[in-house]
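The figures that follow rest on heavy atoms only: side chains count, while hydrogens, waters and symmetry mates do not. Counting starts at 1 for both ligands and their atoms, following the listed order. Quick caveat: nothing in here was measured; it's all calculated off a predicted structure.
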Amino acid sequence: MDRPSKDLRLPGKDRLSVLGETPLVAETPEELLDDDTTPVSRFFVRNNGLLPEPAADPEAWTFTIDGEVERPLRLTLSELKRGFAQKTFRMVLECGGNGRSFLEPKAEGNPWTNGGAGCAEWTGVSLGDVLRAAGLKDTAVYTAHFGADPDKTGSHDAQAMSRGMPIAKALEDHTLLVWAMNGEPLPFLHGWPLRLVVPGWPGSLSQKWLTRIWIRDREHDGPGMTGISYRVPITPIAPGATLERAETRILESMPVRSIISNPADESRLPAGTREIDVRGAAWAGDDAVASVDLTLDGGATWVPAALTQPRNRYDWVRWRAVLSVPGDGAYEIFARAIDGQGRAQPFRAASWNPNGYGCNVMHRIAVTVGRET
Ligand SMILES: Nc1nc2c(c(=O)[nH]1)N[C@H]1C(S)=C(S)[C@@H](COP(=O)(O)O)O[C@H]1N2
Ligand SMILES: [Mo]
């Protein structure tokens with residue numbers, strides 16, 4: 001696997017790999033996703049446009065809810081904080097293209113390995129509480145999200161990205177309007193002073209620098225909703241084939257995934273090592289993780305990992321297993337998570353699609369015990 005080799009040099013960020021500079025896109029090497037709660041310094045960044053002007057007074061930041069509501073709302077951040085029940089959940093945020101680089105032939109878009117994901121504590125209010133205050137009309141079908149960032153050309157005429165979700169997802173308790181991450185004010189790069197966090201679904205729904213939610217009477221059609229953006233084939237297509245919109249559905253819940261965060265890929269362990277302490281994380285979109293198993297013999301035998309209890313829905317599970325190795329040598333370790341409906345990660349990158357969404361092939365690392373290759 002070709003690794004993007006350029007490290008992000010930004011204050012407050014720790015060794016992320018840069019996938020794109022303008023717009024800024026940077027992912028977290030799997031071995032840096034070894035914390036129970038991903039620190040901001042290790043949290044991936046995905047921008048589709050340029051950065052907005054920093055807010056002069058964050059508490060006076062306003063955002064509106066309009067469209068198919070009885071009472072359009074215009075709220076400042078401080079009104080939002082005072083007016084609704086505050087909630088904190090630890091939840092995975094994951095880019096819809098995470099895992100894309102494993103597809104053959106190459107798919108369009110940023111070549112994420114498994115690092116377009118992180119799990120942070122998000123503090124805010126349920127979007128549903130605010131929507132109920134606005135009063136949804138019977139005609140309310142879909143949300144449409146707007147942010148303050150200019151597009152790639154620096155223009156404010158169009159949104160860099162403007163996606164939406166069905167009302168049922170918007171009304172989930174865990175769909176939050178967020179102003180704090182890991183107990184600190186939301187960092188600027190992550191949408192300060194206000195963003196959406198829509199857990200379990202592609203990260204593109206989690207609008208940063210949030211200014212407006214338009215409630216629509218039909219599916220939204222902003223950038224990221226047209227053509228085959230964030231859409232996947234209804235039935236499998238041949239790798240490399242073209243795809244018409246009519247043959248697709250919107251990618252909603254992300255598929256199950258696990259990552260090995262220790263040891264790092266290409267680790268070398270001392271001669272005589274006979275036990276390898278392997279650990280990582282797993283998550284499953286809207287679903288729960290049922291199990292994680294490891295193999296170091298190409299799938300001939302599997303060793304179950306011990307899982308932690310998630311704190312709340314959409315939290316990842318951390319897992320651990322001690323693997324016995326028969327002798328010095330070169331090993332490949334694969335981790336395979338299975339979700340609550342029995343869906344496992346595939347050995348090979350499956351479900352090829354032109355934009356490379358939802359690729360959840362098993363994470364594989366190489367480990368050498370004692371030998372010079
Ligand atoms: N305003 C705005 N919000 C946005 C984006 C963007 O380009 N502009 N990118 C989205 C995408 S594609 C992802 S994966 C997440 C990434 O969030 P992060 O940068 O905090 O990790 O933000 C989403 N929200
Ligand atoms: Mo994304």
Side-chain angles (χ1 to χ4, degrees), residues 8 10 12-13 16-20 22-28 32-33 38-55 61 63 91-101 107-112 114-122 124 143-156 158-165 175-182 184-213 222-225 229-231 251 254 285 355-359:
L8 183 66
L10 259 191
K13 288 290 180 186
L16 302 192
S17 316
V18 176
L19 305 183
T22 330
L24 178 63
V25 185
E27 74 166 331
T28 317
L32 290 192
L33 289 172
T38 310
V40 169
S41 61
R42 297 179 168 187
F43 208 91
F44 80 104
V45 180
R46 169 50 165 143
N47 292 334
N48 290 270
L50 306 185
L51 294 171
E53 282 297 307
W61 181 268
F63 99 105
M91 304 191 285
V92 173
L93 181 69
E94 180 175 26
C95 184
N98 201 22
R100 176 184 287 136
S101 66
E108 279 296 309
N110 290 293
W112 301 104
N114 287 300
C119 188
E121 285 176 13
W122 306 102
T143 62
H145 311 157
F146 296 84
D149 45 331
D151 71 11
K152 275 184 228 185
T153 69
S155 163
H156 282 278
Q159 287 282 301
M161 167 127 303
S162 174
R163 302 201 62 234
M165 59 190 147
T175 296
L176 298 183
L177 294 164
V178 161
W179 59 78
M181 181 176 183
N182 296 345
E184 301 286 336
L186 198 57
F188 179 57
L189 271 182
H190 297 292
W192 177 87
L194 184 67
R195 79 174 301 167
L196 267 170
V197 171
V198 182
W201 289 28
S204 49
L205 289 167
S206 296
Q207 195 84 23
K208 302 192 277 189
W209 311 291
L210 183 72
T211 54
R212 177 187 179 207
I213 295 179
M225 300 297 297
S229 281
Y230 294 97
R231 300 183 76 94
L251 174 58
M254 292 293 290
N355 291 331
Y357 299 121
C359 177

Spatial distance of atom [atom1] ([X]) from atom [atom2] ([Y]) [nearest 0.5 Å]:
X: M254; Y: W201; atom1: CE; atom2: CH2; value: 12.5 Å
X: L177; Y: L194; atom1: CG; atom2: CG; value: 5.5 Å
X: S17; Y: F44; atom1: OG; atom2: CZ; value: 13.5 Å
X: S206; Y: R46; atom1: OG; atom2: CZ; value: 13.5 Å
X: S41; Y: L10; atom1: OG; atom2: CG; value: 12.0 Å
X: L24; Y: L19; atom1: CG; atom2: CG; value: 9.5 Å

Has the side chain of [X] got a donor or acceptor atom that lies under 3.5 Å from a matching backbone atom of [Y]?
X: W209; Y: F188; answer: yes
X: K208; Y: L196; answer: no
X: W112; Y: E27; answer: no

Element-labelled atoms of ligand 1 that are located less than 4.0 Å from some non-hydrogen atom of [X]:
X: C95; answer: 14 (S)
X: S206; answer: 22 (O), 23 (C), 24 (N)
X: Y230; answer: 12 (S)
X: F43; answer: 21 (O)
X: N47; answer: 7 (O)

Which residue and atom name correspond to the protein heavy atom nearest [atom], and how close is it?
atom: atom 3 (N) of ligand 1; value: K208 N, 2.8 Å
atom: atom 10 (C) of ligand 1; value: S204 CA, 3.7 Å
atom: atom 21 (O) of ligand 1; value: F44 O, 2.7 Å
atom: atom 12 (S) of ligand 1; value: R46 CG, 3.4 Å
atom: atom 17 (O) of ligand 1; value: R195 NH2, 3.2 Å
atom: atom 7 (O) of ligand 1; value: N48 N, 2.7 Å

Look only at interatomic distance and state if D149 has a nitrogen or oxygen under 3.5 Å from any nitrogen or oxygen of ligand 1. yes
Answer with side chain, backbone, both or neither: which part of L93 has a heavy atom less than 4.0 angstrom from an atom of ligand 1? side chain
W112: heavy atom below 4.0 Å from ligand 1, yes or no? no
Among P223, G203, G191, which one puts a heavy atom closest to atom 15 (C) of ligand 1? G203
Taking the six-membered ring for Trp, are F43 and W122 parallel (under 30°), tilted (30 to 60°) or perpendicular (over 60°)? perpendicular
